[in-house]
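One structure is given below, encoded as structure tokens.
Everything numeric in this text was worked out from a predicted model, so none of it was measured.
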Amino acid sequence: MNHLHSLNQEQQQAVLHTEGPLLVVAGAGTGKTKTLTHRILHLIHKGVDPWSILAITFTNKAAMEMRERVIEMLGSDDHIPTMSTFHSLGVRVLRQWHQKLGINKYFNILDTQDKMSLVKQAMKYHDIDPKEWEPRKIASAISRAKSDEKTSATYEPNKNPLTQYVALVWPKYEELKRAEGSLDFDDLLSETYFLLRDDAEVREYYQNKWNYIHVDEYQDTNTIQYKIVKTLAEKHQNICAVGDGDQNIYSWRGADMKNILNFEKDFKGAKVVILETNYRSTQNILQAAHDIISKNTERIEKKLVTENDQGEKIIMYEGFSANQEASWVANRVQHYIRSGTEPRDIAVLFRTNFQSRILEEAFLSRMIPYQVVGVKFFQRKEIKDLMSYLKSAFNRDSLSDIKRVINEPKRGLGKVAVAHVFAGQSEKLSAKAKISYESFVQLLDAIYEFAQTNEPSETIKYIIKHSGLEKKLGDGNDDDKERLENMKELVTYAKKYDDLENAYDMFFEEVALLSDQDSLGSNTKDSNTTKLMTIHSSKGLEFKYVFVVGLEQGLFPSQRDDTKNKHEDEEERRLCYVAFTRAKDQLHVSYAKLRTIYGQQRINEPSEFMRDISESLLEYDEDSYGSSQSSNNGERNYYNQDDDGEVTETFYLDF
């Protein structure tokens, strides 16, 4: 059992308990991925068939890391366990049993923009004014209802007027979606669960297939994910759930912390192992994080410990304005980089997206290399156009994709002509339009035929050339040429699928399911830039130097109102805990006395989280980097530094 030697006592307990339910409460930085992968390795060494082992997590990035570690330990990528995200697992199940659902095997997966387009169409059908009822709220309500096991047929509106409109829009949305052979992200989970629940053949197939089930980030499971896992584990009860209630920060998208708190009730006789030894952060950082999280009551009691050094004190900064705070951060980052720190080892974390702009200005003025995480490569217009060509060729029912590219580049098919096409009235097209439409159909046929004997990267090259996009963009301005370069980058990205079995299935699936963290993917993951990101996007990552900015009452924690409950209050505290525990060597916290939000300048009090940190852990930065000045008597004095550039616009959160 040489594979156990590198594990601590608690990790070994988790690895060796192979039969029956197991809950591993793994604090931040305690080696949960190491524990999971060693447990999988131990099962295989015991003689368990790798194909009977399933491991589920939440991001492609985490699944890939797990897969790479297991392959490295096994020394081969032949005959390895299934390691997947929840959504990828859903795609796999639905593609295998697509005939039972009456859908195309190559069903399209709607991204957020495409989903909103169909929701708006459904609202228009019912004459619902999008200015009065925001489509995003209706889409969100549908999503939340699906995660709670509801369907358009079982959804029951209440006294809230919004629910009345949801009840109207949802059935039409489903009709539009199915008419083009598409599923949205929520369907990948709900349709999978309904199939497992209602079809004995499917349920027994997977219960017999996967005898050992591992679930990462169990605290983030919603109702549907929880029921999928419970159904799969029902026969053998060999489930290992790994999670940390203190890092439950996704209740707004349905994550239910009761799933981890009730694990011992759901799985009788479960063994519980608590991992408290942190291998990431200094003692001071862990103590500051504990000062924050210990005030919560909805949690499994634990306190992280470490053999790491005491470390530097947490640096606290109080700026006069948001500009001054941003300047301080940029100056500090510049200092670290000039002192030999790699930019990739530094992260600036904030509560909401709008905070990034003022930080970007400060970084640009100092020529500091940075990346705003969450700007997705696959959301660029030119990339979506390419993917729509490919998806249309494989699935002619995908009307959203066909609509996107039928006239891109221009083919002389105006709105009236396109309407005739979608209405199945191509005989009404003018002679010229009919020739253009037939040429488009022939192009899709040619793409599909080419793909049957060529790899994804070669097919994308074919589309770029034969669609006319290469000529259009190549003859255009500098922006057009940059778009063409982005298209060529997609060819590079696709190469990693070229040698895989079911290459196109894998390519479609992973591109559709990339998350915010996954946007750090192949072409940006290793870029040597300082990362600017929301705290939600930072979960699972770690950096030597971390700045948590905007710690102001009302911003972080976010504004309380009459509808906010205790769980939501505690979630803000969990979010702060996650932010602090991203730091390995040095944590910085800061706030601004003045900040402009919604066009209004606001005077701020420091966040209660700043007040919660033990004074002995703090070091106040007053004038080291030029953002504030200290008087001789020790009082802090401030000067106004370019307040004209304050943030005057708000971006909605879209994690």
Item to check | Closest non-hydrogen atom pair, T85 against N60 | outcome: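 Answer, listing the atom of T85 first, then N60: CG2-N, 3.5 Å.
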Residues [X] and [Y]: side-chain donor-acceptor under 3.5 angstrom:
X: T223; Y: E149; answer: no
X: T18; Y: K46; answer: yes
X: Q113; Y: K384; answer: yes
X: Q13; Y: Q11; answer: no
X: Q96; Y: Y206; answer: yes
X: D246; Y: N296; answer: no
X: T30; Y: E276; answer: no
X: S398; Y: D401; answer: yes
X: D114; Y: S400; answer: no
X: Y226; Y: D266; answer: yes
X: E180; Y: S182; answer: yes

Checklist entry - Under the criterion salt bridge (charged side-chain N to carboxylate O under 4.0 Å, His left out), which of R299, K32, K302 is the partner of D244? => result K302
Side-chain contact, heavy-atom cut-off 4.5 Å: [X] with [Y]?
X: F107; Y: L188; value: yes
X: V229; Y: I239; value: yes
X: Q225; Y: V215; value: no
X: Y106; Y: H98; value: no

Next on the checklist: Looking at Y125, I'd like to know if the NZ or CZ of K172 sits under 6.0 Å from its six-membered ring centre while staying within 45 degrees of the ring's axis.
Outcome noted: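 Because its charged atom sits under 6.0 Å from the ring centre and within 45° of the axis, K172 does stack over Y125.
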Next on the checklist: Given the ring of Y173, does K177 sit roughly above its face, with NZ or CZ under 6.0 Å from the centre of the six-membered ring and within 45° of the axis?
Outcome noted: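 Yes.
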Is any NZ, NE, NH1 or NH2 atom of the basic residue among [X] and [Y] found under 4.0 Å from an Asp or Glu carboxylate oxygen of the other?
X: K105; Y: E509; value: no
X: E174; Y: K115; value: no
X: K150; Y: D148; value: no
X: K100; Y: E201; value: yes

Checklist entry - How are the rings of W133 and Y165 set relative to one another: parallel (under 30°), tilted (30 to 60°) or perpendicular (over 60°)? => result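 The rings of W133 and Y165 sit tilted, inter-plane angle from 30° to 60°.
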Item to check | Aromatic ring proximity, centroids under 6.0 angstrom, F394 and F508 | outcome: yes
Next on the checklist: Please confirm whether the ring centroid of H536 lies under 6.0 Å from the ring centroid of Y250.
Outcome noted: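 Between H536 and Y250, the centre distance is under 6.0 Å.
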Checklist entry - What do the steps show when you test K61 against L541 for side chain to side chain contact (heavy atoms under 4.5 Å, CB included), and what is the final call? => result CA-CA 11 Å; K61 179 176 177 290; L541 304 177; 3.3 Å; yes
